[in-house]
Amino acid sequence: MDPSESFMTPVLARMFPSIRSAGDLLRACGPAIVLVLVFAAVIWIAPGILKWRAINALLFDAAPLLILVIGSTLPVLLGCIDLSAAAMASFSAVVVALLVPEFGSAAVPLVLVGAAGIGAAQGWLIGRLQIPSFVMTLGTLGLFSGLALYLSDASTVALGPGIAPLDFLGGRTHGVPNAFLVAVGVWIFLSLLLRSTRLGRDIYAFGASELAAYMSGVRRDLIRSCAFAISSLCAALGGMMLLSQTLYSAPTMASNLLLPALVGVVAGGTAISGGVGGLSASLIGGLTAVMVRVGATIAGLPGAAQDVAFGIIILVAVAVTTDRTKIGIVK
């Protein structure tokens with residue numbers, strides 16, 4: 001028996017029934033502690049970040065990453081992964097820029113619906129063809145990236161004002177960026193969906209044990225398709241947020257968000273093996289990823305150094321959160 005369990009069980013189990021050991025305590029409180037420490041470090045480096053103008057700019061810049069983190073959480077809760085989210089964001093931005101001259105503001109909802117359909121198809125194919133999600137989404141990552149380069153002729157496509165959804169995302173309400181408010185709204189909606197609907201319960205059951213969920217009547221293909229549809233929809237919405245910030249599309253405009261988005265999911269405590277975690281945990285992890293990026297930029301670290309930091313965070317987070325009881329052999 002782990003010595004920590006003999007101490008943790010009588011003291012904390014009565015206060016927090018889900019916490020039975022020091023490991024459980026680390027998983028529950030660790031992400032929030034890390035966020036506080038990272039935030040404190042950034043404040044120490046740049047005290048001016050506490051000014052409202054700096055916070056406002058930070059929220060505006062953080063919204064695309066947060067929405068990618070929120071969407072990417074659902075496949076991870078299944079024990080899957082969506083590596084194509086950042087590429088979908090770039091691809092969606094390029095397609096909107098190309099469709100605006102023909103469809104105007106309607107181009108944005110058309111692309112969002114199309115992205116959700118593509119995500120649903122990915123989830124369905126993963127189950128039907130028995131292709132690991134890692135392989136499937138790695139392939140679609142290359143597909144979306146290549147199509148974005150081809151359709152845009154590997155160049156930027158400028159947009160002007162007058163596109164209502166983009167103007168809204170680029171605006172502010174009572175001084176708060178609308179893009180950030182949309183990200184919070186999506187987080188609230190999906191949190192309620194996971195907590196209060198059968199779809200949410202089935203997602204957790206699927207992640208805990210796919211075979212047991214199947215024997216209990218869970219429609220695996222439908223659940224997987226829904227999770228990947230939401231992930232792709234959020235990715236496309238992140239692309240719209242980036243587009244509203246720059247007013248031009250580029251085929252690689254979101255490519256640097258893949259690692260931070262994955263960090264946001266796993267650093268918050270959502271287990272890569274599925275069934276453990278949630279959107280609140282991912283929001284904490286997403287804010288941590290945002291603060292790491294901000295701190296690295298303020299400190300003058302190059303992008304390569306940021307990637308090293310994110311890579312280390314992913315390795316540590318996966319090692320801490322993986323449920324090894326569900327894994328017979330590691331390959």
Side-chain angles (χ1 to χ4, degrees), residues 42 46 49 51-72 85-101 103-112 115 144-145 148-149 151-152 154-187 232-261 263-264 283 286-287 289-298 303 306:
V42 172
I49 199 171
K51 295 180 180 179
W52 170 243
R53 185 174 180 180
I55 293 175
N56 195 281
L58 177 63
L59 296 179
F60 186 68
D61 182 66
L65 174 56
L66 290 178
I67 199 70
L68 258 68
V69 170
I70 291 168
S72 297
M88 171 60 81
S90 299
F91 175 63
S92 299
V94 168
V95 173
V96 163
L98 295 175
L99 292 182
V100 158
F103 295 95
S105 297
V108 173
L110 284 175
V111 169
L112 293 177
F144 299 148
S145 298
L149 286 166
L151 293 174
S152 65
S155 61
T156 60
V157 180
L159 280 173
I163 311 303
L166 300 183
D167 290 344
F168 172 77
L169 289 173
R172 286 176 167 79
T173 299
H174 301 297
V176 181
N178 289 335
F180 178 75
L181 294 176
V182 169
V184 172
V186 171
W187 168 67
S232 291
L233 176 61
C234 289
L237 183 55
M240 300 306 103
M241 291 177 178
L242 289 171
L243 199 55
S244 71
Q245 294 175 3
T246 61
L247 288 183
Y248 69 85
S249 70
T252 58
M253 66 190 308
S255 59
N256 64 335
L257 297 182
L258 176 59
L259 266 179
V263 165
L283 187 64
L287 292 173
V290 168
M291 296 312 300
V292 169
R293 291 182 72 200
V294 170
T297 302
I298 293 174
Q306 295 182 36

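Residue numbers count from 1 along this sequence.
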Exercise for review: Would you name the heavy atoms of Gly264 and Val69 that are closest together and state the gap between them?
Suggested key: C-CG1, 3.9 Å

Exercise answer: donor-acceptor pairs, residues 233-240 side-chain atoms, under 3.5 Å, sequence neighbours excluded:
none

Exercise for review: To the nearest 0.5 angstrom, please state how far the OG atom of Ser105 sits from the CG atom of Leu99.
Suggested key: 12.5 Å

Point to revise | Results of ring-ring contact (aromatic ring centres under 6.0 Å, His included) for Phe144 - residues two or more places apart only | key: Phe91

Point to revise | Non-hydrogen side-chain atoms of Val292 and Val42 separated by less than 4.5 Å | key: no

**Study point:** Those residues that, when tested against Thr246, pass side chain to side chain contact (heavy atoms under 4.5 Å, CB included) (two or more places apart)
**Key:** Tyr248, Met253

Practice item. With sequence neighbours left out, write down each residue that passes side chain to side chain contact (heavy atoms under 4.5 Å, CB included) with Asn256, or none if nothing qualifies. Key: Arg293

Without placing hydrogens or testing angles, list every side-chain donor-acceptor pair under 3.5 Å for residues 156-166, not counting sequence neighbours.
none

Exercise for review: List the atom of Ala85, the atom of Ser72, and the distance in Å for their closest heavy-atom pair.
Suggested key: CB-OG, 3.9 Å

**Study point:** Test side chain to side chain donor-acceptor pair (under 3.5 Å) applied to Asn178 - qualifying residues, sequence neighbours left out
**Key:** Thr173

Study note, to complete from the structure: Scanning both residues in full, the closest heavy-atom pair of Ala183 with Ile67 reads CA-CD1, 4.0 Å

**Study point:** Minimum side-chain heavy-atom gap Pro177-Asn56 below 4.5 Å
**Key:** yes

**Study point:** Shortest non-hydrogen contact between Pro101 and Ala97, atoms and distance
**Key:** CD-O, 3.5 Å

Check your understanding: Minimum heavy-atom separation for Pro64 to Phe60, with atom names?
Key -> CD-O, 3.8 Å

**Study point:** side chain to side chain contact (heavy atoms under 4.5 Å, CB included) between Leu66 and Leu287, worked out
**Key:** CA-CA 7 Å; Leu66 290 178; Leu287 292 173; 4.2 Å; yes

**Study point:** Minimum heavy-atom distance between Ser152 and Val94, given as atom pair plus value
**Key:** CB-CG1, 3.9 Å

Study note, to complete from the structure: Contacts satisfying side chain to side chain donor-acceptor pair (under 3.5 Å) that involve residues 87-97 (not counting sequence neighbours) are none

Point to revise | Spacing of Leu242 atom CG and Leu247 atom CG [to the nearest 0.5 Å] | key: 12.0 Å

